[in-house]
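As structure tokens, the structure follows; a few thoughts come after it.
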Amino acid sequence: MLAVLFPAVCLCCQRLADCDSFDLGLCDTCRSRLRPLGRGGCSACGRPLAAVPLPDGFLCGDCRRRTPAIDRFVAGWSFEPPFDRVVHGLKYGRLDFLGTQLARGLWSRHGHQLEEVEVVIPVPLHWRRRLSRGYNQAEEIARPLARLLDRPLERAVRRVRATAPQIRLDRRHREGNVAGAFRVRGRSRLRGRHLLIVDDVATTGSTLEATARCLKTAGACWIVALVAGWTPMSSKQPKTPTNKDVFDRISTKKL
Ligand SMILES: [Zn+2]
Ligand SMILES: [Zn+2]
């Protein structure tokens with residue numbers, strides 16, 4: 001009945017979609033264009049390094065030098081059309097069913113990397129933005145994911161400073177923009193725990209890294225950062241090396 005009154009329209013091409021296959025708000029054609037991300041990147045920051053899966057714990061040069069607070073980075077899909085329309089629908093269209101479907105997709109493909117997680121924590125919005133939007137889109141993904149993992153969801157981090165939208169800034173300014181923007185609630189509960197932090201989209205990963213850093217300072221032991229959509233910043237994206245380059249590097253460096 002509802003399907004007759006409110007026929008499903010694809011978020012990308014706007015054509016009427018077959019209700020039976022209306023996953024992620026996309027028709028079959030648009031959904032087939034999604035690019036799921038594999039394990040060919042740096043384990044801590046996700047930077048793409050190879051077209052084949054890399055050994056667990058493989059780090060890019062930057063992460064070897066700076067020891068990131070994130071221990072493992074997991075991303076669902078490349079943030080490009082049509083996936084950007086899915087995130088847009090979740091973020092601005094109040095289509096909360098998308099959060100559940102994204103969580104299910106992330107869990108079915110990456111759940112095996114999340115087995116050691118003890119607590120699920122959404123990356124927070126500043127209270128003013130949460131109030132104007134009415135919800136936190138990261139939490140719309142984190143909550144159903146926590147249910148699938150059978151782990152508690154905790155709003156353990158709050159954003160104490162409103163920050164400019166990251167999209168307008170370059171990498172260096174993004175890091176400065178979110179530095180000191182987060183505080184941890186209930187520090188004692190997090191000491192020594194394995195945590196999963198969840199966000200909808202990441203580009204440089206500065207927000208995730210700032211969130212992870214304050215959780216590590218509060219005593220967290222291991223942090224996995226999970227994003228639904230991810231794209232590295234184009235200005236900083238290195239020339240993608242060939243698989244031979246990467247294997248040469250692996251064989252000459254101790255992992
Ligand atoms: Zn479509
Ligand atoms: Zn890295």
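Counting starts at 1 for both ligands and their atoms, in listed order. Everything quoted here is computed from the prediction, not taken from an experiment.
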Applying a strict under-4.5 Å side-chain criterion to I, L, V, M, F, W and Y, I'd like to know whether Leu114 and Leu153 cluster together. yes

Polar protein atoms (N, O or S) that approach the Zn ion (ligand 1) to under 2.8 Å: Cys10 SG, Cys13 SG, Cys27 SG, Cys30 SG

So, using side-chain contact (heavy atoms from CB on, under 4.5 Å) as the criterion, who are the partners of Ala220 when residues are at least two apart? Leu195, Leu215, Ile223

Should Cys45 and Asp62 count as side-chain neighbours, where that means a heavy-atom distance under 4.5 Å? no

List, one per line, each side-chain donor-acceptor pair under 3.5 Å for residues 91-106, sequence neighbours excluded.
{"from": "Arg94", "atom 1": "NH1", "to": "Arg133", "atom 2": "O", "distance (Å)": "3.0"}
{"from": "Gln101", "atom 1": "OE1", "to": "Leu24", "atom 2": "N", "distance (Å)": "2.5"}

Gln14, CD atom: more than 12 neighbouring heavy atoms under 6.0 Å: yes

Using a cut-off of 6.0 Å, state whether more than 12 heavy atoms not belonging to Arg35 lie near its atom CZ. no

Which atoms form the tightest heavy-atom contact between Phe83 and Gly229, and what is the distance? CE2-CA, 3.4 Å

Give a yes or no on whether a salt bridge exists between Arg185 and Glu154, defined as a side-chain N under 4.0 angstrom from a carboxylate O. no

Whether Asn136 side chain and Val123 backbone form a donor-acceptor pair below 3.5 Å: yes

Can you check the number of protein N/O/S atoms within less than 2.8 Å of the Zn ion (ligand 2)? 4

